[in-house]
Amino acid sequence: MERSRPNHYLAEKKKTNKELAAYLGKSEQMISKWATNSAQPSVETLYSIAKFLKVGVCELLVSTDIYKEKNKADY
């Protein structure tokens, strides 16, 4: 199963689902659903997740590899 983008950044920044849940005031079960792509956070929550992880919202939605490939094609 593919990891969700927020989960990718949680691992990269050495943060846990528990820390994110506490920051957002959500249950760990909800964070787990997002991590397994069985549920999706609201747009407002995505902004809060991005702030917690110190990344842009776009990075949570789209793999940066897509941008790299597009930039290569443009040049």
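This chain uses plain numbering: 1 for the first residue, then up along the sequence. This structure is a prediction, so every number in the text was calculated from the model and none was measured.
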How close do [X] and [Y] get, heavy atom to heavy atom, and via which atoms?
X	Y	value
T16	L10	O-CD2, 3.9 Å
A50	G56	CB-C, 4.1 Å
P6	L53	O-CD1, 3.9 Å

**Study point:** Any pair counted as ring-ring contact (aromatic ring centres under 6.0 Å, His included), so long as it reaches residues 15-43, sequence neighbours left out
**Key:**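 Pairs touching residues 15-43 that pass the test: Y23-F52.
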What is the distance from atom [atom1] of [X] to atom [atom2] of [Y], rounded to the nearest 0.5 Å?
X	Y	atom1	atom2	result
S27	K18	OG	NZ	13.0 Å
I31	E19	CD1	CD	11.5 Å
Q29	N17	CD	CG	10.5 Å
L20	S32	CG	OG	11.5 Å

Exercise for review: Go through the steps to decide whether K13 and V55 satisfy the test side chain to side chain contact (heavy atoms under 4.5 Å, CB included), and finish with yes or no.
Suggested key: CA-CA 10 Å; K13 298 191 179 272; V55 298; 3.6 Å; yes
Exercise for review: Scan for side-chain hydrogen bond (donor to acceptor under 3.5 Å, both in side chains) pairs involving residues 45-56, sequence neighbours excluded, and state none if there are none.
Suggested key: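 Residue pairs passing side-chain hydrogen bond (donor to acceptor under 3.5 Å, both in side chains), neighbours aside: S42-T45.
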